[in-house]
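Owing to the predicted nature of the structure, the values given are computational and were not obtained by experimental measurement. Letters A, B, ... are given to chains in the order of the sequence lines, protein chains preceding strands, and every chain is numbered from 1. Only this structure's heavy atoms are used, side chains among them; waters, hydrogens and symmetry mates stay out.
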Amino acid sequence: MDFTTLETLRLKHPGWRLLVADHAPLIVGFLHRVFVASNARAIAQRELVLRLEDHLHALREQRGAAAFPRGASAYLDEWAADGTGWLRKFYPPEMDEPHFDLTPAAERAIRWLVQLTEQPFVGTESRLLTVFHLLQEMTEGTELDPKARLAELERRKADLEEEMARVREGHLELMDESALKDRFQQMSDTARGLMSDFRALEDGFHALDRRVRERIATWEGTRGELLETVLGERDAINGSDQGRSFRAFWDFLMSPERKEALTRNLERVLSHPAIQSLQPDARLPRIHFDWLEAGEHTQRTVARLSGQLRRFLDDRVWLENRRILQVLRGIERSALAVRSRPPGEGFMSVEELAPTLELPLERPLYGPPARARMADEEVKEATDDVPSEALFNLAFIDKARLRLNVREALQAREQVSLAELVREHPLQHGLAELVTYLSLASEDRKASVDDARTQELFWTDASGAARRATLPLVLFLR
Amino acid sequence: MMTHAIRTADAADTLSLVLVSLLKGAVYREEHAGVWQALLQLQPKVREQLAVLGLKLVLDEPEGYAFLRQRSESEGGVELPRLVARRQLGYGLSLLLALLRKKLADVDAAAGGTRLVLRRHEVHELVRLFLPEGTNEVRWAERVNQDLERAVGMGFVRRLGEEEDTFEVRRILKAFIDAQWLEDFERRLEAYRVRLVEEQGGTE
């Protein structure tokens with residue numbers, strides 16, 4: 001706790017920054033109400049915005065419309081920003097809306113402020129007893145000598161028998177009111193403290209996960225060495241101190257007898273007049289349900305993190321990820337080199353996510369066919385002498401050959417336009433051959449003619465003159 | 001006897017449901033919980049039926065997705081007409097998918113449990129470096145948006161909730177843009193670069 005450490009803490013620690021923030025009363029008041037007082041964990045963005053708007057509205061009624069001029073979402077974004085760190089914004093699995101949770105640091109600051117205002121009654125006896133109990137548990141738990149252990153058990157047995165004898169004689173020792181209040185205070189403190197522990201615990205798991213991943217990502221040696229040195233065992237998270245302690249807590253809470261005992265005892269204690277006079281927190285009778293809920297949240301996080309980490313360490317995934325990052329560096333280099341003249345379309349291909357199914361109802365329904373229009377003035381009298389055989393030459397066009405051209409072209413691709421076909425197989429019989437292609441298209445159910453778009457075709461006729469035709473876009477599909 | 005008959009009818013229905021769902025598109029654990037469960041149970045049957053069509057089931061249980069792939073010729077059997085189309089990708093879209101794949105790898109390596117969610121401007125940032133300098137800003141932004149739209153259409157990226165400009169990169173992308181695909185991409189790009197240098201070599 002030297003000067004520099006404290007100075008950095010004040011600058012960097014979200015908790016301290018919250019205490020010195022300009023709007024601290026607004027922020028703490030709101031976050032306390034929404035997260036701490038109601039023992040809530042993740043809250044959806046939309047709901048949180050609504051509640052903050054209500055909160056701001058109420059404040060503006062007291063302080064005038066000029067107070068806190070920004071919108072609720074702007075405040076939330078600021079509070080969740082990296083530099084502030086009072087809220088954690090995240091996308092829970094299976095949900096499309098961002099959620100918010102309080103960060104452990106902010107919660108600690110809020111808790112400290114809460115302590116400033118409450119509890120005129122300070123119980124000391126129960127705390128001392130707790131210290132005694134803890135010490136005793138630790139000595140017993142580490143005692144190796146069976147004789148010493150037995151002696152201790154014997155002593156406790158004697159104590160119990162003595163107490164039983166006193167009760168049989170009618171001497172009941174009752175706890176006095178102040179002792180009761182003292183214990184209750186501590187119980188409720190600890191109970192609520194557990195809620196904040198979950199938050200810190202989850203944060204701890206995330207940090208652990210991050211550390212392990214960082215080491216994996218920067219690891220230079222073999223995977224075997226990595227497993228040996230970094231983890232020792234596969235399950236880094238479940239095997240950590242935090243993980244084991246949390247698991248023990250969870251098993252304890254999940255046992256039906258414990259749950260029942262907890263409910264029963266809570267009810268009894270809370271109905272005692274001395275406790276009633278303390279006006280206990282209304283959520284206290286339900287605290288174990290809140291624990292269950294929060295614990296489940298943590299449990300899911302731990303399970304998810306462990307699973308992902310295991311998977312990340314999986315041979316295949318590990319190797320593939322490294323290879324991918326390496327290849328991508330090469331791609332980025334080349335992409336930079338060619339950025340002034342990038343390659344064109346059709347560069348790569350990828351399979352679709354599902355087979356292509358043709359559904360009749362998804363096809364266009366009947367539309368009136370386009371009618372060819374002929375303007376009168378275009379028809380002129382022929383000046384050249386056209387040999388009439390030209391018409392009969394149509395018969396020489398081998399339709400089967402053209403069909404083969406189409407089929408061959410479709411082996412390599414999904415679709416081919418008439419223009420492409422003509423480029424690849426130059427017309428040998430000019431217009432007549434083109435007409436035959438068109439008749440092929442009209443016979444083919446899968447071919448399409450798009451009047452909205454046109455294509456241009458080029459060929460050289462028998463006399464060597466270049467010819468050009470503009471047609472609707474004809475596509476042959478596989 | 002009666003119940004047995006009903007049960008087999010149910011099983012046949014479930015199998016149909018699973019098969020048709022797969023034929024219509026990728027199945028995700030998170031979105032189609034019922035179909036997913038049935039798929040896990042009926043896996044051998046599903047594979048058997050799909051083999052008839054020359055299709056192969058790809059099921060990634062930990063990641064929670066399943067889809068169909070065309071059986072390749074090397075896997076035996078007669079060559080059947082393709083049911084799964086190959087889609088041509090322009091250079092822009094190819095590059096975008098590669099960069100998104102890298103982001104996914106980064107997310108995997110960095111912090112656990114986070115999904116890859118990007119705002120539109122972040123996607124722009126991702127490709128900005130690789131676009132020709134000095135071109136019309138609006139034009140290239142439009143092009144990137146178009147590519148992003150195509151990626152959405154193909155099912156690799158999806159819009160999140162009502163926020164128009166927030167996108168999630170789906171993990172199924174990993175199955176398509178894998179190391180082999182990227183190596184292929186790298187090779188082609190390198191070949192293109194070499195050709196470009198040769199062409200320009202004369203003029204420079």
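Options B/Ser94, B/Gly90, B/Ala175 differ in how many heavy-atom pairs under 4.5 Å they form with chain A, and the most are formed by B/Gly90. Comparing B/Glu168, B/Arg188, B/Arg187 by heavy-atom pairs within less than 4.5 Å of chain A, the highest count is held by B/Arg188. Of the listed residues (A/Leu325, A/Thr301, A/Ile324), the one with the most heavy-atom contacts under 4.5 Å to chain B is A/Ile324. Your options are B/Lys174, B/Gln180, B/Arg69, and the one with the most heavy-atom pairs under 4.5 Å with chain A is B/Arg69. The most heavy-atom pairs under 4.5 Å with chain A, out of B/Tyr28, B/Phe176, B/Phe67, come from B/Phe176.
The shortest non-hydrogen separation linking A/Leu76 to A/Leu48 is CD2-CD2, 3.8 Å. For B/Ile177 against B/Ala98, the heavy-atom pair with the smallest separation is CG2-CA, 4.4 Å. For the residue pair B/His124 and B/Ala141, the shortest heavy atom distance occurs at NE2-O, 3.9 Å. Counting all heavy atoms, side chain and backbone alike, A/Arg46 lies closest to A/Glu97 at N-OE2, 2.7 Å. Heavy atoms only, all atoms of each residue included: A/Ala72 and A/Leu52 are closest at O-CD2, 3.5 Å. Taking every heavy atom of both residues into account, A/Phe246 and A/Gly295 meet most closely at CZ-O, 3.4 Å.
Salt bridge status for B/Glu125 with B/Arg128: present, with a side-chain N to carboxylate O gap under 4.0 Å.
The aromatic rings of A/His99 and A/Phe90 sit tilted, their planes meeting at an angle between 30° and 60°. Note: B/Phe185 and B/Trp181 have tilted aromatic rings, judged against thresholds of 30 and 60 degrees for the angle between ring planes.
Remark: the backbone N or O of B/Asp178 is not paired with any side-chain donor or acceptor of A/Glu320 at under 3.5 angstrom. A/Glu352 places no side-chain N or O within donor-acceptor distance of the main-chain N or O of B/Arg86, the cut-off being under 3.5 Å.
Side-chain contact check for A/Ser334 and B/Glu190: at least one donor-acceptor pair (N or O, by modelled atom type) lies under 3.5 Å. A donor-acceptor contact closer than 3.5 angstrom is absent between the side chains of A/Thr103 and A/Arg88.
Taking non-hydrogen atoms and a 4.5 Å limit, the residue list of residues 142-155 of chain B in contact with chain A, ordered by number, reads B/Met154, B/Gly155. Against chain A, the residues from residues 30-44 of chain B that qualify, each with a non-hydrogen atom under 4.5 angstrom away, are B/Glu30 in number order.
Residue contact with chain B, scored on non-hydrogen atoms closer than 4.5 Å, involves the backbone and the side chain of A/Leu353 alike. With a 4.5 Å cut-off on non-hydrogen atoms, B/Leu95 touches chain A through its side chain but not through its backbone. Within the 4.5 angstrom heavy-atom criterion, no atom of A/Gln326 approaches chain B.
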